[in-house]
Amino acid sequence: QTLISDSSSQSRLALPPEMIHPVKLVDDNQNWIETGMEMLVDQTDFLVIGVIGGQGVGKSTILSLLAGNSPEDSLRSYIFAPQNRDCQESCVHLTDGIDMFVTGQRVIFLDTQPILSASVLEQFIKNDKKVSTEFTTVENYMEIQALQQTAFLMTVCHIIVVVQDWFTDTSLLRFLQTAEMLKPSTPSTSHDSSPEENADYFPNVVFILNKANRDDFSIQSYGSMQYTLKKAFDTSKLNILEGVTLADGKIIPGLNHKTIDLDVNLFLLPNIDDMKTEADPMSMLLPDYRGYPSFDNLINSLRQQIYYMPREHLTHATLSEKNWFHYAARTWDAVKKSQLMAEYNRLLH
Amino acid sequence: MLFLYFTPYFKSHETLYEGSLPNKDNKVCVVSVIGKGRHNPFASKASVFNPVLDKDVFKGLLNVPEELIQQDAVECFYDAESQVVYLHHTCMYDTHRLAVQCQRLINQDVDQDFFNMWQKEEYRHAKTLLWLFSISHIIILSHPGASFDVSYVRLFRTIDTIRLKLLHSITEQLHGFHISKDWYHSGRPCSPRVLFMFESTTLTKKTEPVETGAISKNKTATKFSVEKKLVHAIEDQIYRILRKSRIITNISNNSLFAVPANQEFVYIHTKKEEISDPVSFYLQQLRMNNSIESPRSRGNSTFKEFLFQHVELALGRGFDDNVGRNPVTPVFEVPTCEERINAKAQAHFNTLKSLLETDIRFSENRCNKVLPVAEAAYQEGLPTHYVTNFHLNKLQQAHRVFHQFARGPATEKYLVQLDEACEKFWKNGRQLCEEISVTGNHCINPLHRLPDEPELDSNRHLPVMPHTNQLKTRAACNCGRKQADKDDPFDHKAANYDFYAGLEESCCGKLEHVDLPSFKPSTAEARAAQIKKIERAHKNSQGDTPTVKSGDIVSGMANLSLALSLGQSGGSDYSHHEGISPNNFATTSPHVETVEEVASEDSHQIVSTSPMEETTEKLEKVEEIKEEEPDHEEPEAEQQEEEALESVPGLLPKFPSWAVCCIGKASLYNHNTGLDYPGFLHGSHFLLPWDITVKAEKDKWPSVGETASRKGKQKKSSKDTAEVNLRIYLGNEYECQGDTDFSDNANKLVNLDMPLLCLSSLQLKVALNTNNPSINFMLLLLCRSSKGFLGQLMRLYVVTPEGPVRITVNPIIQPAPSPCPLFNLGTTDVVELSASALWVIRLPYPFITYLAIYIHNQNDQD
């Protein structure tokens, strides 16, 4: 143990520090925090997963489950704290800014504050002085901030998990494409390299429908959701066709490549609480008919599929974890000062 | 009761109403449902009214015809009992509708992108909302989620802006109806109340009791308070947000809508009362021990309570949602049916459109800004004139610049503009003529019209000039004595006829020519049938099989018989060696036998053919001599070709590409001084003497006189007496075709010393192999430059002896590896050369068929 603490001076062989709680990457004032650097090491085999979604849809919960929590864990032991009763009752959000957690498998999870959220907006209204004069209205300020955050994730994440609790808010789909439009260009390695080498980076995007109900798991509904997302992103360059799917033939009978002919990254999760209430044995004579696999099975399959997704290089040069952190810091700075964002803001009324 | 399905802007529905509504004097309260809907084929966002109405009125879109799904629509239901008109607005925000539409677009492969579709949809949606806000008393904004959807804030503000702008035209529309003054002036019956409805809640189930039957009063109280607490929290949140954005103000008449100050305006559906999933419904029924009992009874609906407090107020004294110290009497009217029907505003909404299109405006602005930058990138460093490839490269560069900065949905549109602008720039007098000379060099003139080209609309504006690239090579005339600069030819007449014809006058015009067949029109207007434009033979890969199969040649011949009969020719892009066997005692050839019979003499046939080694590497080693002999398959093949050649019926060329002329008496050539023509490499101007012994046994091959060492090897076989020794001189002249980079070295005419050796070696092989050797068509010449150049076989010299022999020639050239065709003089018979004279046969350069040009390119040797 002394050996490990000694090597905090970062010898290359040092074990990466084991994290128990997430650290802040961006604080609630949208400032970059450097402490996350200590959690990273100099190796290049890592995966960055970010999450985007509205208020109270289960971003933190799903990210915790992907990061290793099991649905049976008590809420208090979740890596990213889920909403507590107080939050639920007063309809406020819990995560401010961006939190980072690194697992032992070197997967970096980024949990974010909700986008397009009434609660975030209300917070701005309460702290009126924080809104800079360049924003005509406070909701424009909120929108630009959400765009900055999303554009940031689109630049530094391999995979972005988009969580919704109903299918589907078209405003959210449009918002993602606006963020894609405003995302900073991937820095090119040199001036005379070919255009293919200088192609912009676009992350994989996985849609998750949380709190899905029985009918959502039917072939018709799942297929029609796939079509909707495919069409909605037909002009987008985000990689939504990497095949994170329910229709691999193993999860739900009838959902396979024959019945579902698209492979949009769309995964459904039922309400996690449904399972918990079932644990109450005597409440019913008959076990309830669910019509979909257990939450456990689904989250395991999702975790597996996401970990197996192809990882593209974020930049033209190979990054180590530490390089990534610097790159992320630079990107955050770039999106905050982005000319594109400023231009877009001027068009908002 | 009435259930209507209509689209507000596309169909007139006045008559439907008038006939159906029972009492025109009844007061009605108009309740509209707007908002987004989750993906559910069985229920819509208005299905929550079903328990209120105790009737399955608002259903999902499962059974709605597809053409109705494509438009947004307002479902209308009049509940006469409670005097409420329900209007349910469905649009693409109802996900099921969107899903059907997307599926249709993908399946039918309609080329309409989502962005366009959505842009139109948003505009329609906003217009419909504006209409609903102008006619409703109560508007229920339904949320499938659990928290307020902030995207409505901007939408409300937009609609409010437009409403105020349109107020005047709405008032005009309302003119003539029996409505109150207040309605007339404000353009609406009242400032509507908006109620917010949430279909789900963030409250986790753990906080709720599992079975309603099992709860104690205590628990109910807890549950009640938790829900109430959430409702109030959301109400506060919404109120604060709407106030901040000035959508609701103290004076409700000035606002788009109002929220009640002292009543609840948020409702959360914690428990579904309507049927939204048939399977769950039946399971639930089963669970209730088959005692089918309607789960929704009017009395139990808390939603109904929530809704009707507002409805009753509306039908009663009206809303007063003003806040503040100086209350204004609110404008509130409850319309009679007739009035409300016609109170529909029809106006145009341009500002609305632009307010909704932030993304497209951003993208347009952005692209507009980038377009000149990209165009500048295209125009940067352009030469005055340039060809298509150059244009496309620059265009690609411009695209790169454009993509780097352009963003969003307008990108494609502007990319097309960029392409158009750049192409226009190029076509506007910056096009270079793209004609390529037969040697593969570009014409360097701007796009132009040839002097003999007919004037068309498409080329009228172009300057008239011939092709040129100012490249000149030094070449000699037919007989080889006079040199001149040869322009890089753009057609093969210029290459193989015009140049030589031009030199005839000053040099070889008076010499005896063998008349080669060509087409001589009987009238001046005669025109050749249009032949396909010549295409350049693409350079073969270096890996081409060097071995020539006889079968290939024959088939190649068959295909190209026309070309052969035209007597035209070509050379490949690469170096070919070619063997010539200037002398082939074709005793085995039936053709020669007949000659012999006639002449009762020996006959010579000069056959030049092409073999075999094509690779440049080999070629460069060939400084001295190719010891290689023709492939063993070759002779046979050539025999066949010869026959094929003779049997080909064909068209005559318009002009001869070859020339055969007699320079003069045999005495012109003195073996001591060699050929005294300019341009030969030093020491390489001697012809090869070749001694023939006539009267030899038929099967004996005469041997060629040569260097001492070679002679030693030669077996002197013929010792018969009555022999006549004759000496023929032979030579093949290689002409080096100019290379622009080395123009001072390029004009060398080189001759002979190497061919001598070549011939002798080949001769050996002839002796071993019965017949048909060949010589190299291309040869590496060592000029002044150390690099050396390839010379192409250009002339064959023959000094015929005086004596009892007939000398005939029939050169056959294969300038490129198979399937390159073979070329000959185009005569039907061999050409006989007169005795005791110096003859020269000039070969074409380059060899051209109507299919391809065979040419050797110097630069490829580097």
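The structure presented is a predicted model; accordingly, all values stated were derived computationally and were not measured. We name chains A, B, ... by the order of the sequence lines, and we start the count at 1 in each one.
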Heavy atoms only, distances under 4.5 angstrom: which of Leu209(A), Leu262(A), Thr235(A), Asp169(A) has the most pairs with chain B? Name it, please.
Asp169(A)
What part of Pro114(A) gets within 4.5 angstrom of chain B, counting heavy atoms only: side chain, backbone, both, or neither?
neither
For the residue pair Ser224(A) and Val100(B), establish whether any side-chain heavy-atom pair is separated by less than 4.5 Å.
no
Could you tell me whether the side chain of Glu122(A) and the main chain of Arg240(B) form a donor-acceptor pair under 3.5 Å?
no
What part of Arg157(B) is in contact with chain A, defined as an atom under 4.5 angstrom from a non-hydrogen atom: side chain, backbone, both or neither?
side chain
Measure Phe115(B) against the heavy atoms of chain A and call it side chain, backbone, both or neither at under 4.5 Å.
side chain
Student check: side-chain heavy atoms of Tyr227(A) and Asn107(B) closer than 4.5 Å:
yes
Interface check, chain B: of Arg174(A), Gln177(A), Gln226(A), Lys230(A), most non-hydrogen pairs under 4.5 Å belong to Arg174(A)
Quick one: of Pro409(B), Ser245(B), Ala146(B), Ser147(B), who has the most non-hydrogen atom pairs under 4.5 Å with chain A?
Ser147(B)
So for Gln83(A), is it side chain, backbone, both, or neither that comes closer than 4.5 Å to the heavy atoms of chain B?
side chain
For chain B, which of Leu182(A), Thr228(A), Asn213(A) has the most heavy-atom pairs under 4.5 Å?
Thr228(A)
Quick one, Arg407(B) with Ser185(A), criterion side chain to side chain contact (heavy atoms under 4.5 Å, CB included). Give me CA distance, side-chain angles, the key distance, then yes/no.
CA-CA 10 Å; Arg407(B) 289 287 192 285; Ser185(A) 318; 3.1 Å; yes
Tell me, please, which residues at least two apart from Glu412(B) pass salt bridge (charged side-chain N to carboxylate O under 4.0 Å, His left out).
none
Any side-chain donor-acceptor pair under 3.5 Å between Lys36(B) and Thr170(A)?
no
Rounded to the nearest 0.5 Å, what separation is found between the OG atom of Ser90(A) and the CG atom of Leu230(B)?
8.0 Å
Could you check Leu173(A) against Trp118(B) for side chain to side chain contact (heavy atoms under 4.5 Å, CB included), going step by step and ending with a plain yes or no?
CA-CA 11 Å; Leu173(A) 304 185; Trp118(B) 197 253; over 6 Å; no
The interface call for Ser119(A) against chain B, heavy-atom contacts under 4.5 Å, is both
Within the 4.5 Å heavy-atom criterion, are Ser171(A) and Tyr93(B) side-chain neighbours or not?
yes
Turns out that what part of Gln397(B) lies under 4.5 Å from chain A's heavy atoms comes down to neither
Closest approach of Asn365(B) and Leu347(A), non-hydrogen atoms and distance?
ND2-CD2, 3.6 Å
Note: Ala118(A) and Ile241(B) closest approach over all heavy atoms is O-CD1, 3.6 Å
Got a sec, which residues hit salt bridge (charged side-chain N to carboxylate O under 4.0 Å, His left out) with Asp215(A), two or more places apart in sequence or on another chain?
none
Show your reasoning for whether side chain to side chain contact (heavy atoms under 4.5 Å, CB included) applies to Gln88(A) and Thr201(B).
CA-CA 8 Å; Gln88(A) 288 173 358; Thr201(B) 168; over 6 Å; no
Please determine whether side chain to side chain contact (heavy atoms under 4.5 Å, CB included) holds for the pair Glu139(A) and Val150(B), giving the CA-CA distance in whole Å, both sets of side-chain angles, and the decisive distance to 0.1 Å.
CA-CA 8 Å; Glu139(A) 62 270 11; Val150(B) 290; 5.9 Å; no
Name the member of Lys183(A), Gln164(A), Met181(A) that forms the most heavy-atom pairs with chain B at distances under 4.5 Å.
Met181(A)
Are side-chain N/O atoms of His39(B) and Thr168(A) paired as donor and acceptor at under 3.5 Å?
no
Toward chain B, the part of Asn140(A) with a non-hydrogen atom under 4.5 Å:
both
Who among Gln220(A), Glu180(A), Glu343(A), Met142(A) has the most heavy-atom pairs with chain B under 4.5 Å?
Glu343(A)
Rounded distance [0.5 Å steps], NZ in Lys229(B) versus CZ in Arg85(A):
8.5 Å
Leu348(A) and Arg154(B), any side-chain heavy atoms less than 4.5 Å apart:
yes
Any side-chain heavy-atom pair of Gln103(B) and Lys231(A) under 4.5 Å
no
Does one side chain, of Asp359(B) or Tyr344(A), offer a donor that lies under 3.5 Å from an acceptor on the other?
yes
With respect to chain B, which residue among Leu340(A), Leu229(A), Thr137(A), Asp165(A) yields the maximal number of heavy-atom pairs within a distance under 4.5 Å?
Leu340(A)
